[in-house]
Amino acid sequence: MSNWLAELTAVFVKDLRAEFRTKVSLNAVGLFALTTLAAVSYTIGPYRIAEADRPFLLGALLWIVIFFASMAGLDRSFVKEEETHTAALLRLAAHPLVVWAGKLLFNLVLLIVLMAILVPLYCVLMGYRVESPWWFLAVLATGGYTLAVTTTMVAAIIARAMSRGALFSVLSLPLLLPLLIFVIQGTTAASQGEVDGVLSTLRAVISLGGIMTVLSVFLFPVVWND
Amino acid sequence: MSGSVSIGFEGVAKRYDARVIFKGVSGDAVPGRILVITGPNGSGKSTLVRILCGLARPTVGRIEWRLGREPPMARDEWRRHLGVVAPAMSVYEELTAMENLQFFARVRGLGPMEPRCRECLEQVGLDPDRQTQVMGFSTGMVQRLKIAQAMLHDPPVLMFDEPGSNLDPTGQDWLEGFTRSAADDGRTIVLATNDRCEMTWGDDRVELAG
């Protein structure tokens with residue numbers, strides 16, 4: 001294993017270990033996701049939406065739950081480093097890109113855990129039938145990666161700001177709005193088995209994810225060090 | 001140790017908006033000597049240490065780190081040669097002492113270095129096998145762990161900001177012995193303090209006006 005990979009794994013394992021011992025992000029994300037899911041399934045349920053509207057509305061609701069649940073916890077990894085005054089030693093010890101990649105990996109894992117629990121529950125409780133499950137998974141995977149890479153970068157920016165409160169959601173929303181629109185369209189297409197619709201969504205989401213990754217690689221060292 | 005490193009700074013000033021923290025500060029930290037930075041509360045000792053570490057930029061002034069007689073190093077190379085202990089730089093309280101040191105060794109690209117981590121912890125008087133998370137440590141034990149973290153990679157430059165705070169008399173005696181022997185080994189030591197006893201350890205002094 002190269003040094004770079006070993007170093008980013010160290011950042012990831014450290015965050016994972018700390019998270020398992022405190023469970024701050026897990027609780028925030030999990031509680032928000034389950035509360036929203038319970039509220040949506042209780043008030044709307046599987047039968048209160050007309051059959052024709054189901055693919056689009058259920059796809060939109062699914063991504064709204066994922067999006068807001070991730071807003072509740074994905075900013076913690078950087079904010080916590082600043083609040084507990086551990087960021088300075090991390091800055092001195094680790095290369096900025098190692099920190100960025102380690103934190104991104106942690107946020108990705110958190111999002112995968114969230115989706116692995118939330119999506120099957122959502123499908124069962126809301127009676128959400130998906131015609132093309134593999135394309136559906138592809139939309140979830142690419143959408144999840146783009147969501148994680150964007151929120152990781154925004155979290156790094158807001159961690160350096162003096163007033164962090166609502167800044168995360170305010171900064172994330174314009175960056176993530178195009179992503180949300182694309183993934184909702186892609187999820188709708190996958191649930192109806194429209195491969196062409198899924199493919200055009202995947203192209204857009206992968207492009208967005210690629211742009212955010214390249215931007216983060218160039219921007220993060222500046223944000224982290226200055 | 002990766003060789004002798006000297007630090008020169010000239011005409012350094014720091015201003016936050018309209019408030020001038022300090023200005024025109026110059027000095028040299030050279031291998032084998034202890035540079036003490038003193039000054040009243042709020043005079044900017046910790047800020048100057050952060051600037052010398054590369055964690056903050058001066059408003060004006062020049063800082064140069066040199067390895068031996070080589071040209072000045074790039075700012076992002078400083079961290080490889082530096083160990084720091086400062087009140088505003090904490091270790092991870094959800095990890096044990098050993099996990100903390102192994103984490104810092106790994107992100108510095110040194111691997112887990114278990115024997116070296118054990119050696120550093122034993123040197124500062126902490127038990128390497130203790131499974132308590134740092135959040136269960138006393139403030140003195142946390143300070144000892146911070147010192148162990150600073151010496152882990154055997155750096156040629158050590159920067160201490162109030163290093164004796166929260167240490168008991170035995171710990172303070174050990175710290176004095178460690179600091180003096182580190183200087184005797186050819187390390188460059190920068191010590192920011194208001195403690196009268198720690199001030200006497202210095203060979204050179206920079207006094208901030210406040």
Side-chain angles (χ1 to χ4, degrees), chain A residues 1-27 76-106 159-160 162 217-218 220-226, chain B residues 16 46-47 49-50 52-57 74-96 98-113 131-136 142 145-150 152-153 155 157-159 161:
Chain A
M1 194 159 53
S2 77
N3 257 5
W4 199 83
L5 204 55
E7 291 166 37
L8 89 82
T9 308
V11 175
F12 168 68
V13 170
K14 183 269 294 174
D15 277 354
L16 204 62
R17 191 173 270 160
E19 182 55 39
F20 272 116
R21 289 178 184 170
T22 59
K23 299 185 181 66
V24 175
S25 296
L26 273 176
N27 284 343
R76 288 302 306 162
S77 57
F78 279 110
V79 171
K80 197 166 145 279
E81 297 275 3
E82 296 291 345
E83 284 177 352
T84 55
H85 305 292
T86 51
L89 284 183
L90 186 59
R91 262 182 208 107
L92 289 173
H95 190 279
L97 287 182
V98 163
V99 177
W100 170 75
K103 300 280 185 192
L104 171 60
L105 191 58
F106 174 76
R160 309 294 317 259
M162 296 296 277
V217 166
F218 284 104
F220 183 79
V222 180
V223 171
W224 180 243
N225 284 330
D226 285 314
Chain B
Y16 288 115
S46 298
T47 305
V49 168
R50 288 180 67 84
L52 294 179
C53 289
L55 285 169
R57 288 183 190 274
R75 195 164 170 256
D76 57 1
E77 281 181 44
W78 298 359
R79 64 186 183 91
R80 286 197 298 122
H81 306 278
L82 171 67
V84 194
V85 178
M89 297 183 197
S90 299
V91 289
Y92 294 94
E93 56 178 25
E94 307 87 357
L95 306 184
T96 66
M98 190 69 174
E99 286 169 350
N100 262 292
L101 290 201
Q102 288 194 316
F103 166 69
F104 283 110
R106 283 189 172 110
V107 291
R108 282 187 180 278
L110 307 169
M113 294 218 311
Q131 291 303 308
T132 314
Q133 292 170 35
V134 172
M135 64 178 76
V142 173
L145 177 58
K146 286 183 182 182
I147 295 168
Q149 176 278 134
L152 178 67
H153 52 296
V157 178
L158 285 169
M159 291 207 194
D161 185 2

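There is no contact between A:E19 and chain B, counting heavy-atom distances below 4.5 Å. For a residue to count as touching a neighbouring chain, one of its non-hydrogen atoms must lie under 4.5 Å from one of that chain's; by this rule B:L95 touches chain A with backbone and side chain alike. With a threshold of 4.5 angstrom between heavy atoms, B:R57 approaches chain A through side-chain atoms but not through N, CA, C or O.
Heavy-atom pairs under 4.5 Å with chain A peak, among B:E94, B:Q102, B:K146, B:R79, at B:R79. Ranked by heavy-atom pairs shorter than 4.5 Å toward chain A, the options B:G111, B:A150, B:G109 are led by B:G109.
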Run the side-chain contact (heavy atoms from CB on, under 4.5 Å) check on B:L55 and B:M89 step by step: do they pass? CA-CA 11 Å; B:L55 285 169; B:M89 297 183 197; 3.3 Å; yes
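In terms of the salt bridge (charged side-chain N to carboxylate O under 4.0 Å, His left out) criterion, residue partners of A:R17 (sequence neighbours excluded) are, by chain and number, B:E99. Partners of B:F103 under the ring-ring contact (aromatic ring centres under 6.0 Å, His included) rule, at least two apart in sequence or in another chain, are B:Y92. Among residues two or more places apart in sequence or in another chain, the side-chain contact (heavy atoms from CB on, under 4.5 Å) test is passed with A:R76 by A:V24, A:S25, A:V79, A:K80, A:E83.
Between A:A10 and B:R106, the closest heavy-atom pair is CB-CB, 3.6 Å.
Residues of residues 91-100 of chain A placed with any heavy atom under 4.5 Å of a heavy atom in chain B are listed by number as A:R91, A:L92, A:A93, A:A94, A:H95.
How far OG1 of A:T9 is from CG of A:L16: 11.5 Å, rounded to the nearest 0.5 Å.
A:T86 places no side-chain N or O within 3.5 Å of a backbone atom of B:S90 that could act as its donor or acceptor partner. A donor-acceptor pair is defined here as one N or O able to donate and one able to accept, closer than 3.5 Å; no such pair exists between the side chain of B:H153 and the backbone of B:H81.
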